[in-house]
Amino acid sequence: MRRLRGLAVWGAALTCGATLTAGAGAGAGAGAGAASAGTVRDPGAALRVGAAPEVGAAQETGVAEAAGSAGEADLSYHGSAVMAGGRVDVRLTPRNHGPADVADSTVRLRWSAPLAAGEQRLAAGCARTGRQEVVCRTGPLVADGVGEQIVMRVWLPGRPAEVTMAVDTVWGGGAVDRNRSNDRQTVLVLDTGDAYFF
């Protein structure tokens, strides 16, 4: 009889232990689910996710503005050259076809023959930079406008019968010029006293 009572008590203890174990497991599972749900609903994470595209968009906008800050300007040069007895008179007018203004630019004139020794009669803002070339500042060039005319007189030794003069842009004021065909001119000038246009 006592043996039967002992078995009954032992069976009740096993049943109670199993029930407690199952309850603890269920509680742990519920806690894990709650933690998982709390992670998904974390407002900080939501703000971080939402803020990322805004930062990227701001960076892209800044890059685009920086790329377009220099602007585009189509520069060109037209004028004439007259040679007589080794003396060459040049008149050159810079033009900016836009769309952006140019604060200043530099144009180069280069002859196929060396310039005579000594000083040349150059316009203000011009300087001799080599045996055969002169560079000049154009000054400000507004979009769709012309700049001040550049006038100079240079001498060539030996009184050549002809000379080739090349004109091109050295510096465009930081603007992008996608049409380089009209700011690179070459003209053949004969020693006739006639004007040769470019």
Side-chain angles (χ1 to χ4, degrees), residues 59-198:
Q59 291 176 345
E60 292 177 1
T61 302
V63 171
E65 290 177 354
S69 60
E72 295 185 19
D74 181 15
L75 305 183
S76 66
Y77 309 100
H78 298 285
S80 63
V82 179
M83 184 166 66
R87 183 192 70 197
V88 183
D89 292 309
V90 179
R91 294 180 178 272
L92 180 148
T93 302
R95 182 181 181 89
N96 178 10
H97 299 275
D101 296 341
V102 173
D104 198 1
S105 65
T106 306
V107 58
R108 174 173 53 198
L109 294 86
R110 181 179 177 87
W111 291 268
S112 58
L115 302 177
E119 294 186 2
Q120 308 287 340
R121 190 179 299 177
L122 305 179
C126 296
R128 182 174 177 175
T129 56
R131 296 178 63 249
Q132 300 170 241
E133 66 181 38
V134 171
V135 297
C136 299
R137 295 177 55 185
T138 64
L141 298 173
V142 298
D144 296 323
V146 297
E148 294 185 5
Q149 188 179 65
I150 299 172
V151 180
M152 70 179 70
R153 173 176 289 179
V154 299
W155 282 266
L156 307 177
R159 301 181 63 169
E162 64 181 40
V163 67
T164 300
M165 185 181 73
V167 180
D168 70 324
T169 299
V170 178
W171 179 63
V176 177
D177 191 344
R178 301 186 186 278
N179 179 19
R180 299 303 308 275
S181 61
N182 57 357
D183 68 311
R184 294 175 177 172
Q185 304 279 0
T186 302
V187 57
L188 176 64
V189 185
L190 304 181
D191 188 14
T192 60
D194 299 322
Y196 293 85
F197 296 91
F198 57 92

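FYI, the numbering just counts along the sequence from 1.
- For CZ of Arg95, the number of neighbouring non-hydrogen atoms (other residues, nucleotides, ligands) closer than 6.0 Å is greater than 12.
- Classification of Asp89 and Arg91 as a salt-bridged pair fails, no side-chain N sitting under 4.0 Å from a carboxylate O.
- More than 12 heavy atoms of other residues, nucleotides or ligands lie within 6.0 Å of CZ in Arg180, so this atom counts as buried by the packing criterion.
- Closest heavy-atom contact between Phe198 and Tyr77: CD1-O, 4.1 Å.
- Val107 has its side chain out of reach of Pro94: every pair of non-hydrogen atoms, C-beta onward, lies at least 4.5 Å apart.
- Among all heavy-atom pairs drawn from Asp101 and Asn96, the shortest one is CA-ND2, 3.9 Å.
- Taking both residues in full, the closest heavy atoms of Val102 and Ala175 are given as CG2-CB, 4.3 Å, listed atom of the first, atom of the second, then distance.
- How far CG of Leu75 is from OG1 of Thr169: 5.0 Å, rounded to the nearest 0.5 Å.
- Atoms CG and CE, on Leu122 and Met152 in that order, are 6.0 Å from each other to the nearest 0.5 Å.
- The shortest non-hydrogen separation linking Leu156 to Pro114 is CD2-O, 3.6 Å.
- Taken from CZ in Arg131 to CZ in Arg110, the straight-line distance is 9.5 Å, to the nearest 0.5 Å.
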Determine whether Val163 and Met165 satisfy the following criterion, side chain to side chain contact (heavy atoms under 4.5 Å, CB included), listing intermediate values before the conclusion.
CA-CA 6 Å; Val163 67; Met165 185 181 73; 5.7 Å; no

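- For the atom pair CD1 (Ile150) and CZ (Arg137), the distance works out to 11.0 Å, reported to the nearest 0.5 Å.
- For residues 119-128, no pair satisfies side-chain hydrogen bond (donor to acceptor under 3.5 Å, both in side chains), with sequence neighbours left out.
- Of all non-hydrogen atoms in Trp111 and Val134, the two that sit nearest each other are CZ3-CG2, 3.9 Å.
- The structure places CG of Asp183 at 7.5 Å from CG of Asp74, a figure rounded to the nearest 0.5 Å.
- Here CG of Asp177 is found 6.5 Å from CG of Asn182. Values are rounded to the nearest 0.5 Å.
- Shown here for Pro160 and Met83, the closest heavy-atom pair between the two residues is O-CE, 3.6 Å.
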Take His78 and Thr93, measure what side chain to side chain contact (heavy atoms under 4.5 Å, CB included) needs, and give me the verdict at the end.
CA-CA 6 Å; His78 298 285; Thr93 302; 5.7 Å; no

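- Other residues, nucleotides and ligands contribute only 12 or fewer heavy atoms inside 6.0 Å of the CD atom of Glu148.
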After noting the C-alpha distance and the side-chain angles of Thr138 and Asp104, does the key distance pass the side chain to side chain contact (heavy atoms under 4.5 Å, CB included) rule?
CA-CA 6 Å; Thr138 64; Asp104 198 1; 3.9 Å; yes

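- Arg108 has a carboxylate O that lies under 4.0 Å from a charged side-chain N of Asp168, or vice versa, which qualifies the two as a salt bridge.
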